[in-house]
Structures are given as C-alpha cells and as structure tokens.
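One structure is given below, encoded as structure tokens.
Everything numeric here is computed off the predicted structure, so don't read it as measured data. One-based numbering along the sequence shown. Whatever order the structure lists them in is the order used to number ligands and atoms, beginning at 1.
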Amino acid sequence: MSAEHYDVIIIGAGAAGMMCAAQAGFRGRRVLLVDHATKLAEKIRISGGGRCNFTNRKVGPEHFLCRNPHFVRSALSRYTAAHFIELVERHGIAYHERDHGQLFCDDSAQQIIAMLRSECDMAGVEWAMPASVDSIIRQDDERVRFLIDSSRGRLSCESLVIATGGLSIPKIGATPFGYRIAEQFGQGIVPPRPALVPLTLPPETLQRLQSLSGASLEVEARCNGARFREAMLITHRGLSGPVILQVSSYWQAQAYETRDWEPVSIALLPDIDIEAWLSAYASERSLVANLLSEYLPRRFAHAWCALHGFEAPLRQLGHSDRNRLAQALTDWRITPSGTQGYAKAEVTLGGVDTRGLSSKTMEATACKGLFFIGEVMDVTGHLGGYNFQWAWASGHAAGGFV
Ligand SMILES: Cc1cc2nc3c(=O)[nH]c(=O)nc-3n(C[C@H](O)[C@H](O)[C@H](O)COP(=O)(O)OP(=O)(O)OC[C@H]3O[C@@H](n4cnc5c(N)ncnc54)[C@H](O)[C@@H]3O)c2cc1C
C-alpha cells in the first residue's frame, strides 16, 4: 500500500501539538496534525474555568514535578512566558492577571484555540481530524522512519511527535495512547496518577468534619516537603480548593502503592505567631471560637472548636489543652483516603520518562525521529498556568527541530 508522506506527523492536536505544528510548519516542513476528537482542543476550552490560565508571569523549574528535575530548564528558558504573551498580544487577545501571576483571557479560552489554529493555518499545517491511529511501524530509512496505519489510510513520516496528553478527563478524549507508543519504542514510563485533584476523606473523617462542610478559607497546606498558601474548601466528599489541588501532586508519593496514606497538614493561621497570640489573650474571658472568628469565618471557627473540644473561654484552658490548641492551629492533620481520580484531575503526574529524552529537542535518545511533548511526559506543573507553559515550551522546542 502506498503511503502519504509528511516530514512531520504530530499525533494529538492539543496545546503542545498545535504549538509544535506551527513551529515546524513555519520552518517549511510538511506537517500533518492527527487527532481522534471531533472538537478541537477541548482541554483548552474548559481550562481556567473557560478563560484559560494560559501562562504565569513567574515560571521556573521549581514550579514543576519531574523525576529529572533539571530537564525542564532548557525548554522553559528558550520559550518563556514573555514569548507566549507576545503571541497572545499579537493576536489581539485581551487578558488579565490574577493572584500569584496567573494570566487569563478576559473573554474566552476559545480565543487561545483560535489563535493556535490560525498560527497552524499560516504555517500551512494539514489536518487529519477526526482520525484514529491503528499502528505505527518503524523502518530503517532516514527519510521514511515511521509508517502509520490510520483511519485516513497509510501515512509515513520522518519525524513523529506524540502529543496525546495525559489521562485526566477521559470523557473529552484522554487516552493512554502516548504511553503505549512510548513502551512500543522502549521508552520508560513513570507510573501515571491523578494530580491537581480534590482529595477524598474516609467516611469516619467525613462524618467528623460534616459541620465544616461548605467552609472556604485561606490556609497553608503542607505535604511531603511542599507548602502552598491558597484557599481550601471542605466539601461533602473531602478537601478541595486550589491549595488542596496543589498539595495533591505531592500527596501519596510514597503511599500510593501501600495505601498507607499520609496526612496533609493544615496551618489555619499561617501569618500569626500562635504562641504569642495565646500569651496575649491568656486571660481572655471570650470563647476560643470567638477569638478565632477575628481571623476565620465565624461558622467555621465555632464548628472547628467544637470538633476539637475547645468550647471554653481561652483562659479556662489548661496547659496541655493550650498546647493542643496551638498544635491543632499550626498542624491540623487530615488523612485523605484517595483522590477524586482522573474524572476530576486537572493533570496527570508521571508519564514518559524524561531520562530517555533530549531536554533540548524532546527527541527519544534511543529512537531517532520520535518526540514526546506536553503532558504525556513526566513533567507536571503546579496550578497557575504552568502546565500550558510546559505545553508551549516543549512544543516549541520540538517544533524547531523535527
Ligand atoms: C479542567 C481542566 C482545567 C485546566 N486548566 C488549566 C489552566 O487554566 N492552565 C494550565 O496551565 N493548565 C490547565 N489544565 C491542564 C492543561 O489543560 C493540560 O496540561 C494541557 O492541555 C496539556 O497539553 P497537551 O497538548 O499535552 O495535551 P492536551 O491539550 O490534552 O491534548 C491532547 C490531544 O491529544 C488527543 N488524543 C488523545 N489520545 C489520542 C489518540 N489515541 N489518538 C489521537 N488523538 C489523541 C486529544 O484529543 C487532545 O486533543 C487544565 C486541565 C483540565 C482538565
């Protein structure tokens, strides 16, 4: 069977795939983007609550989890947030900054999709969508390295880029395709698991925390050496809110296999020196809950004190109860029982092991012409636009080389 030949075939027309396709197309390469979805870039559409948190003013390696921590440096330094902001501005997309340097579209995430689509069109990228890939065979030929059987017939290419993303939100087309191809070509996989995901609590804890359900408050959450300061939400299923999504990427690092769950530690008043505060109010007649209501939502303060047995005025607490109060305020330990899984996870932790990839080009060191970009790789950003910045940076790095 004769094959339609391209210089570059990219499987997955999401954030990373489109960025890579446009770069390669602008270099004069004949590029085909293949995607099995009927709608283009659904993950961008639903991102950032529909406004796409497309990057962050401050991006550094410290905002990413990766088994090979230095891997992200090269691509991030060569395609920075400023480059993407320049692209957004060139397309006339209005945007605004929120807390922690996060940049969002004023209007809609659709504008980012339209922008990438138009870059691809200007670069002469061709499309096979929807189209599925049945098999990929590697050949010993410098120009025709890969033969691909697809629902659009047989295709061939010199460079094959896998940009099929992670496993989160299967209902909009996430698949383990990228991991299977990695395995087929001898690449290692760091076991994937849901990240940036709400944490669930065991029934007995849920019952205990029932009176706190619905509370939302700014806390510092810590887990496995990581600490974040943002809002926490207590829900009828467990813990959520940005601070919990952030620590979820660090939680269960050791325990995932053994199910020996580790606690998340919450500091309710991270700005306050608790010992000094307790001394200052040592002779207070007010209930502990009323004193805490100065800093915490009133309903929460009362329910939390009832839960911990601090229902007396502060001055009536004995020495050991005061110590227990200080401990609970600075290190309130809650042990989750799991996560809400890929259905609710924003990203997938783990993926194609970067130790087998070039940090400059994203090419597999043991398989010339095969590239992995975006979330399919073992690179996971914090919440705040970092996952898109990785998609842009890795897509750009590969697009300049394929
Ligand atoms: C609800 C939600 C909100 C988010 N909000 C943000 C945010 O505001 N900021 C941020 O930085 N990140 C956010 N993210 C994460 C971000 O969307 C991803 O990290 C990013 O889209 C990854 O880009 P990618 O190109 O690697 O993968 P994707 O954008 O997921 O693209 C993968 C593409 O591959 C296609 N594909 C999959 N399997 C196959 C197959 N077998 N054959 C053919 N095609 C296939 C898919 O259809 C898809 O088009 C959010 C994620 C979710 C789920």
>> Under a 4.0 Å threshold between the charged nitrogen and the carboxylate oxygen, would Arg229 count as salt-bridged to Asp99?
In response: no

>> Could you identify the single nearest non-hydrogen protein atom to atom 50 (C) of ligand 1 and state the distance to 0.1 Å?
In response: Glu346 OE1, 3.6 Å

> Can Gly385 be said to touch ligand 1, with heavy atoms closer than 4.0 Å?
Replying inline: yes

> Is it true that Arg45 and Glu42 have a side-chain N and a carboxylate O under 4.0 angstrom from each other?
Replying inline: yes

> Heavy-atom contacts under 4.0 Å between Phe177 and ligand 1: side chain, backbone, both, or neither?
Replying inline: side chain

>> Could you walk me through whether Ile11 and Ile136 satisfy the side chain to side chain contact (heavy atoms under 4.5 Å, CB included) test, starting with their C-alpha distance in whole Å, then the side-chain angles of each, then the deciding distance to 0.1 Å, before giving a yes or no?
In response: CA-CA 11 Å; Ile11 305 178; Ile136 300 175; 4.0 Å; yes

>> I'd like to know if Asp35 contacts ligand 1, where contact means a heavy-atom distance under 4.0 Å to any ligand atom.
In response: yes

> So which protein heavy atom does atom 30 (O) of ligand 1 come closest to, and at what separation?
Replying inline: Lys43 CD, 3.4 Å

>> If we only consider heavy atoms of Ala163, is any one of them less than 4.0 Å away from an atom in ligand 1?
In response: yes

> Is the shortest side-chain N to carboxylate O distance from Arg152 to Glu4 below 4.0 Å?
Replying inline: no

>> Taking the ring centre of each residue, are Trp332 and His308 less than 6.0 Å apart?
In response: yes

> Of all the non-hydrogen atoms in the protein, which one sits nearest to atom 36 (N) of ligand 1, and at what distance?
Replying inline: His36 NE2, 3.5 Å

>> What I want to find out is whether Glu142 reaches Lys368 closely enough, with some N-O distance under 4.0 Å, to be called a salt bridge.
In response: no

> Which residue owns the protein heavy atom closest to atom 25 (O) of ligand 1, what's the atom, and how far is it?
Replying inline: Ala16 N, 2.8 Å

>> If we set the cut-off at 4.0 Å for heavy atoms, which region of Thr164 has an atom near ligand 1: side chain, backbone, both, or neither?
In response: both

> Hey, looking at atom 28 (P) of ligand 1, which of Ser151, Ala128, Gly14 has the closest heavy atom?
Replying inline: Gly14

>> Run Arg90 and Glu86 through salt bridge (Lys or Arg N to Asp or Glu O under 4.0 Å) and show every step you take.
In response: CA-CA 6 Å; Arg90 188 149 34 88; Glu86 189 274 323; 3.1 Å; yes

> Which is closest to atom 37 (C) of ligand 1 by heavy-atom distance: Gly12, Ala343, Gly173, Gly374?
Replying inline: Gly173

> Does His382 have its ring centroid less than 6.0 Å away from the ring centroid of Phe228?
Replying inline: yes

> Which bit of Tyr386 gets closer than 4.0 Å to ligand 1, counting heavy atoms only: side chain, backbone, both or neither?
Replying inline: backbone

> So which of Ala131, Pro130, Gly165, Ala109 gets nearest to atom 27 (O) of ligand 1, if we judge by its closest heavy atom?
Replying inline: Gly165

>> Give me the residue, atom name and distance of the protein heavy atom closest to atom 26 (O) of ligand 1.
In response: Glu375 N, 2.8 Å

> Sequence neighbours excluded, which residues qualify as side chain to side chain donor-acceptor pair (under 3.5 Å) partners of Arg73?
Replying inline: His70

